[in-house]
Amino acid sequence: MSIKLLIIGGVAGGATAAARARRLNEKVEIILFERGEYISFANCGLPYYIGDVIKKRDRLMVTTIKDFQQRYNIDIRNCCEVLSIDRKNREVVVKNTAINETYRESYDKIILSPGAEPIQPSITGSDLKNIFTLRSIPDTDKIKTLLDDNHPEKAVIVGGGFIGLEMAENLVRRGIKTTIVEMLNQVMPPIDIEMAAIIHAHLREKGVVLELENGVKEFEQKGYRISVLTAKKDEIECDMVMMSIGVRPESLLAKEAGLETGERGGIIVDDEMKTSDPDIYAVGDAVEIREYVSGIPAMIPLAGPANKQGRIAADNAMDRHSTYSGTMGTSVVKVFELTVASTGLSEKLLKQNSIPYHKSYTLSFSNATYYPGAQRMTIKLLFAPDTGKVLGAQIIGKKGVDKRIDVIATAIRGSMTVYDLEELELAYAPPFSSAKDPVNMAGYVAANMLKGDVENIYWHELPGLDNNDTILIDLRTKKEIDKTGVIADALHIPIDDIRDRLRELDRDKTYILFCAIGLRGYVGYRILTQNGFKAKNFSGGYEIYKNTQDL
């Protein structure tokens, strides 16, 4: 097969597609257009270069144009922006921005990889100097130069998503007092609010000021500083601003070419990454795909899916049939000492789409507690109430989180259930795990719920309890209570004393049992219910309660 393939856009999707197409067909003519200077760089590493974690700028370059051309024999045209696609004449109009020259290029097939652009709302003063977005190497260079040369003291980050949180950590690392202004009531919108509360507490511990449920109304230059006026009429003075309120697909080129797009602007593709034009494919942050668990249309701008989509588009452009089954949105982010990870559907998405679910919380340790360095992680598991099929998970902790989210992501991909999580045989040695891995523990807890071995109550239900009918029992030791605090009006009966004190309890009441993390609550539940009492276990225990008190 001898065809001419144009790839519009580099980085994850486009560069992957170009390399894959060449490996499949040595004869095909491949031209890769990139409007910027660099065809393939580690955009996920940009905040860490700014924070001096990555010391050398060239470490951000996945490959150079020269190396890529030499290895794959691809005609790379950087600083060349494709202005339009003439589908009728099978040509694109290209502008070489380096020499300000426009020309036309013919094609047989196209793979679009335009990516997404930072959302820039129309806020008065948003064009002031030292207000930045972070998408490219030139963006990074501007921010890094300001930090290295001017040593700013205060920064405001608008938006608490992935980039916002990574920038907060790296700015604080550089000694800059940092404030995050977020319109929502939580950071990290993909995860649920009670899990985000753990991040809120950690950010504040690290000195980050959180302005939640607040937006920016105006930027104003005041001498050498920028004044940020918020919706709550607060005025925050700073030396720099990072705009990080999300991204939108760069789909204008596709729209103007008459390709079908979705409600949120994403380019609609089928499972072969083919657009509404059978000779044009699209990949990466600009496409609307199917969420893997639910099949619901979604925009999920992540590097892993973009790479896979680039490979699949190249396969199909080269007449090798491949399909893309959807994206689970598996992600992980470092927030100071915390690792925050998620996969599949969140509780909020399950509710929004009226999908039935159960949830459980387990708080387990990264490795055997008798071995030094064990760290606790909080796991929220979401699963189908009838079959136990795993629908999603969120994990937050300081160690071992990435390993567990990957196991659960694999379980979701394999349509596994919580009963399968119970039975997974996972590697164990004291430095790495426990004989019952945190994933196993999450499976046990969820399976117990489905088997009817426990009835749970959750943090958001506590405020609605009728104190005349329900009584909380704190099963922790007095030492634990003195150290960490109490839930008001809870009756204190340590777990090891509860059998001896059953005569003190009222069989007409319902008892809500809790401990630090949930295990003793479950044991207490089993004791009470088998002795004829009405009871519920408070899922996640006092740790979940403590984290949610500001919500």
Side-chain angles (χ1 to χ4, degrees), residues 43-53 116-121 123-136 139-148 150-191 196-197 199-221 225-232 234-248 301 331 333-338 340:
N43 43 5
C44 296
L46 301 182
Y48 300 101
Y49 172 63
I50 291 168
D52 277 343
V53 176
E117 61 181 341
I119 295 172
Q120 295 181 309
I123 299 172
T124 302
S126 58
D127 58 346
L128 292 174
K129 186 181 179 183
N130 296 343
I131 296 181
F132 304 98
T133 58
L134 182 60
R135 183 195 182 195
S136 64
D139 294 338
T140 307
D141 290 339
K142 291 175 186 176
I143 299 167
K144 187 77 159 54
T145 298
L146 174 71
L147 268 59
D148 291 345
N150 294 4
H151 307 289
E153 297 177 358
K154 295 183 178 180
V156 168
I157 297 172
V158 184
F162 287 94
I163 296 296
L165 295 183
E166 288 172 344
M167 281 302 302
E169 176 183 347
N170 283 284
L171 290 176
V172 169
R173 190 176 188 276
R174 296 288 301 259
I176 301 168
K177 180 72 174 177
T178 302
T179 298
I180 296 176
V181 180
E182 169 58 63
M183 289 186 68
L184 300 178
N185 58 356
Q186 67 168 90
V187 300
M188 283 292 289
I191 69 172
I199 309 171
H200 298 168
H202 190 64
L203 287 168
R204 290 176 176 127
E205 277 178 23
K206 297 301 179 181
V208 176
V209 177
L210 277 184
E211 287 285 340
L212 300 176
E213 297 184 273
N214 204 355
V216 174
K217 303 298 286 184
E218 184 179 348
F219 298 110
E220 183 182 350
Q221 194 76 48
R225 288 197 150 175
I226 299 169
S227 175
V228 182
L229 181 64
T230 73
K232 293 182 178 179
D234 300 315
E235 191 172 346
I236 309 168
E237 285 200 355
C238 63
D239 304 297
M240 62 178 291
V241 173
M242 279 294 309
M243 298 295 291
S244 180
I245 59 176
V247 296
R248 59 175 150 235
S331 62
V333 63
K334 180 179 180 295
V335 185
F336 292 94
E337 295 171 13
L338 288 182
V340 181

query = side-chain contact (heavy atoms from CB on, under 4.5 Å) between Arg173 and Val53: does it pass, once the steps are laid out?
reply = CA-CA 9 Å; Arg173 190 176 188 276; Val53 176; 3.6 Å; yes
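- His200 places a side-chain N or O within 3.5 Å of a backbone atom of Val187 that can act as its donor or acceptor partner.
- Heavy atoms only, all atoms of each residue included: Leu338 and Ile199 are closest at CD1-CA, 4.2 Å.
- At most 12 heavy atoms of other shown residues, nucleotides or ligands fall within 6.0 angstrom of atom NZ in Lys217.
- Here the side chains of Leu146 and Asp239 are not in contact, with every heavy-atom distance at 4.5 Å or above.
- In terms of modelled atom types and a separation under 3.5 Å, the side chain of Asn170 and the main chain of Met167 share no donor-acceptor contact.
- Side-chain contact between Pro190 and Phe162: present, with at least one pair of heavy atoms (C-beta onward) separated by less than 4.5 Å.
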message = Using salt bridge (charged side-chain N to carboxylate O under 4.0 Å, His left out), reason through Arg248 and Glu117 one step at a time and then give a plain yes or no.
response = CA-CA 6 Å; Arg248 59 175 150 235; Glu117 61 181 341; 3.7 Å; yes
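- With contacts defined as side-chain heavy-atom distances shorter than 4.5 Å, the pair Glu337/His202 qualifies.
- Among residues two or more places apart in sequence or in another chain, the salt bridge (Lys or Arg N to Asp or Glu O under 4.0 Å) test is passed with Glu182 by none.
- Side-chain atoms of Leu210 and Arg204, non-hydrogen and from C-beta on, do get closer than 4.5 Å to each other.
- Summarising the geometry of Met240 relative to Met242, their closest heavy-atom pair is CE-CG, 4.2 Å, with the distance given to 0.1 Å.
- Residues Ile236 and Val181 are in side-chain contact: their nearest non-hydrogen atoms beyond the backbone lie under 4.5 Å apart.
- In this structure, Gln186 contributes its side chain and Met188 its backbone to a donor-acceptor pair below 3.5 Å.
- A pairwise comparison of heavy atoms in Gly161 and Pro189 identifies CA-CD, 4.4 Å as the closest pair.
- For the atom pair Lys232 NZ and Leu212 CG, the distance stands at 7.5 Å (nearest 0.5 Å).
- Counting only distance, with no hydrogens or angles, the side chain of Asn130 and the backbone of Ile226 share no donor-acceptor pair below 3.5 Å.
- Atom CZ of Phe132 and atom OG1 of Thr140 lie 11.0 Å apart (nearest 0.5 Å).
- Considering only heavy atoms from C-beta on, Val158 stays 4.5 Å or farther from Ser244 through its side chain.
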task = Dump the intermediate steps for side-chain contact (heavy atoms from CB on, under 4.5 Å) on Thr230 and Glu211, then the final yes or no.
result = CA-CA 9 Å; Thr230 73; Glu211 287 285 340; 5.6 Å; no
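- Heavy atoms only, all atoms of each residue included: Ala116 and Arg135 are closest at O-NE, 2.9 Å.
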task = Determine, stepwise, if the pair Thr124 / Phe219 fulfils side-chain contact (heavy atoms from CB on, under 4.5 Å).
result = CA-CA 6 Å; Thr124 302; Phe219 298 110; over 6 Å; no
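- When all heavy atoms of Gly164 and Ile157 are compared, the pair lying nearest together is O-CD1, 3.5 Å.
- Between Ser227 and Glu237, the side chains place no donor N or O within less than 3.5 Å of an acceptor N or O (distance only, hydrogens not considered).
- To the nearest 0.5 Å, atom CD1 of residue Ile50 and atom CD1 of residue Ile143 are 4.0 Å apart.
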ask   = Stepwise, does the side-chain contact (heavy atoms from CB on, under 4.5 Å) test hold for Lys334 with Glu169?
value = CA-CA 9 Å; Lys334 180 179 180 295; Glu169 176 183 347; 2.3 Å; yes
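- For Lys144, the salt bridge (Lys or Arg N to Asp or Glu O under 4.0 Å) partners are Asp52, Asp148, not counting sequence neighbours.
- One finds the OG atom of Ser126 at 10.5 Å from the CD atom of Glu218 (value rounded to the nearest 0.5 Å).
- For Arg174 (side chain) and His151 (main-chain N/O), no donor-acceptor pair under 3.5 Å exists by modelled atom type.
- Rounded to the nearest 0.5 Å, atoms CG (Leu46) and CD1 (Ile163) are 7.0 Å apart.
- The structure places CD1 of Ile119 at 5.5 Å from CD1 of Ile245, a figure rounded to the nearest 0.5 Å.
- For Val228 against Val241, the heavy-atom pair with the smallest separation is CG2-CG2, 4.0 Å.
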